[in-house]
Amino acid sequence: MSQGVIDLAVTQDEKFLYVQSGTPGTVDGFRIGRNGSLTKVTTATGLPPSPSPAWRA
């Protein structure tokens with residue numbers, strides 16, 4: 001079950017969007033079209049978990 005989006009990042013050239021989802025250890029990559037459309041190009045899995053919010057404080 002998906003738990004929504006945790007974080008987003010756009011590359012400096014604005015050609016790709018990376019999305020950290022609620023699925024632990026997963027980031028999806030999308031190509032951003034000229035009209036703003038998104039095309040999924042990759043999924044990275046097996047990534048380490050994010051630090052807890054208390055660690056960031």
Side-chain angles (χ1 to χ4, degrees):
M1 176 193 302
S2 176
Q3 296 180 12
V5 172
I6 303 297
D7 203 0
L8 303 169
V10 176
T11 57
Q12 191 170 9
D13 62 7
E14 299 181 348
K15 292 184 179 182
F16 294 93
L17 168 71
Y18 294 96
V19 179
Q20 180 185 4
S21 70
T23 304
T26 302
V27 173
D28 293 316
F30 297 86
R31 181 181 308 113
I32 302 172
R34 291 180 186 225
N35 65 355
S37 63
L38 298 175
T39 303
K40 189 172 182 178
V41 294
T42 192
T43 297
T45 59
L47 302 171
S50 297
S52 68
W55 180 84
R56 294 182 195 159

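- Between Val41 and Arg31, the shortest heavy-atom contact is CG1-NH2, 3.6 Å.
- Taken from CG in Leu38 to CG in Asp28, the straight-line distance is 11.0 Å, to the nearest 0.5 Å.
- Here the OG-CG distance, from Ser21 to Leu8, works out to 11.0 Å after rounding to the nearest 0.5 Å.
- Counting only distance, with no hydrogens or angles, the side chain of Thr11 and the backbone of Phe16 share a donor-acceptor pair below 3.5 Å.
- Scanning both residues, Glu14 and Ile32, for their nearest heavy atoms gives O-CD1, 3.7 Å.
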